[in-house]
Amino acid sequence: PGIAWTQQDKIFDIFHILTMKSSAFALIALSALSGSSVYAQIGGNGLCADPGSLGPNEAPGGYAPVEIPSEQATEAAKAATVQYFSATNDACVQEVLAACGNPSPEEIADSVDVFAACSQVVAGTNYKVAFTVVIPCSDADAQKLDGKTQLTPEFEADVFEPLPSDNGGEGQSTTVNNIKVTGGVCKGVKASPSPSPSPSPSPSPSPSPS
């Protein structure tokens with residue numbers, strides 16, 4: 001009886017693992033169809049899964065949610081912001097920045113607000129960050145824009161933060177591996193009204209015969 005019970009336990013454990021993995025795959029498929037993040041559905045924060053929700057058979061060393069606020073995640077988001085606004089060749093973004101007096105990338109980065117983050121410890125730390133920024137713009141300048149939501153765009157970025165040189169690092173700099181806009185899509189400035197056509201001159205009356 002003891003051996004039979006052990007076999008039943010093993011069978012149950014295998015069934016339980018398969019059920020968990022099948023559920024995870026089902027959630028991934030469902031999230032792909034609905035456009036939402038599977039990680040938010042299985043205990044994560046929208047960027048990565050909570051390791052505790054994946055079960056004991058998942059390999060260690062992956063991404064794990066970071067408690068917000070986090071100084072390290074904020075610095076990662078700032079680095080991503082500076083790179084994006086320094087390097088973007090998006091004509092619409094450049095138009096908006098010009099309309100708002102061309103604030104510097106560093107000025108924009110000071111407004112970073114991280115609302116989700118994950119980290120992975122390697123030879124340094126990989127970060128996934130989701131955040132918003134505020135493009136500084138006076139009320140008068142903002143009136144020129146086609147909607148104000150484009151002044152508060154949302155981003156997701158992957159950033160690598162190396163070890164400091166005094167802690168085994170090699171003097172590397174922070175690397176932004178990827179950044180994308182996820183909200184507050186740029187629309188540019190309002191279209192200028194077309195000028196009204198000038199009225200055609202009335203033809204001069206023909207002289208009457210004498």
Quick one: closest heavy-atom pair of [X] and [Y], and the distance?
X: A109; Y: V82; result: CB-CG2, 3.7 Å
X: A142; Y: C137; result: N-SG, 3.6 Å
X: Q172; Y: P162; result: O-CG, 3.3 Å

What distance do [X] atom [atom1] and [Y] atom [atom2] have between them, rounded to the nearest 0.5 Å?
X: E107; Y: T81; atom1: CD; atom2: OG1; answer: 13.0 Å
X: D146; Y: T149; atom1: CG; atom2: OG1; answer: 9.0 Å
X: I135; Y: T152; atom1: CD1; atom2: OG1; answer: 8.5 Å
X: S138; Y: Q143; atom1: OG; atom2: CD; answer: 9.0 Å
X: D141; Y: L151; atom1: CG; atom2: CG; answer: 10.0 Å
X: Q120; Y: Y127; atom1: CD; atom2: OH; answer: 11.5 Å

- request: May I have the step-by-step check of side chain to side chain contact (heavy atoms under 4.5 Å, CB included) for V185 and C92, ending in yes or no?
  value: CA-CA 10 Å; V185 178; C92 181; over 6 Å; no

Check: N177 main-chain N/O paired with T175 side-chain donor or acceptor under 3.5 Å: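 No.
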
message: Between S70 (side chain only) and V66 (backbone N and O only), is there a donor and an acceptor less than 3.5 Å apart?
response: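 Checking the backbone N and O of V66 against the side chain of S70, no donor-acceptor pair under 3.5 Å is found.
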
- prompt: Any salt bridge between D158 and K128, counting N to O under 4.0 Å?
  reply: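 Salt bridge flag = yes for K128 with D158.
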
- request: Dump the intermediate steps for side chain to side chain contact (heavy atoms under 4.5 Å, CB included) on V176 and Y84, then the final yes or no.
  value: CA-CA 9 Å; V176 179; Y84 176 83; over 6 Å; no

I want to check something: taking the side chain as every heavy atom from C-beta on, are [X] and [Y] in contact at a cut-off of under 4.5 Å?
X: V96; Y: C186; result: yes
X: E154; Y: F115; result: yes
X: V129; Y: E156; result: no
X: C48; Y: P65; result: yes
X: T125; Y: F160; result: no
X: L97; Y: I108; result: yes

task: Indicate the ring-plane relationship of F155 and F131, choosing parallel, tilted or perpendicular according to the 30° and 60° boundaries.
output: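 Parallel, since the angle between the ring planes stays under 30°.
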
Joint cluster assignment, [X] & [Y], ILVMFWY side-chain distance < 4.5 Å:
X: V114; Y: V133; result: yes
X: L163; Y: V159; result: no
X: L145; Y: V134; result: no
X: Y63; Y: I179; result: no

query: Between K78 and D110, does a side chain to side chain contact (heavy atoms under 4.5 Å, CB included) hold up when you go through it step by step?
result: CA-CA 7 Å; K78 285 184 175 182; D110 284 340; 4.3 Å; yes

field: Over 12 foreign heavy atoms within 6.0 Å of CG, N102
entry: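 Yes, CG of N102 has more than 12 neighbouring heavy atoms, counting only those of other groups under 6.0 Å.
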
Distance-only side-chain donor-acceptor flag, T174 / E161, under 3.5 Å: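 Side chains of T174 and E161: pair found under 3.5 Å.
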
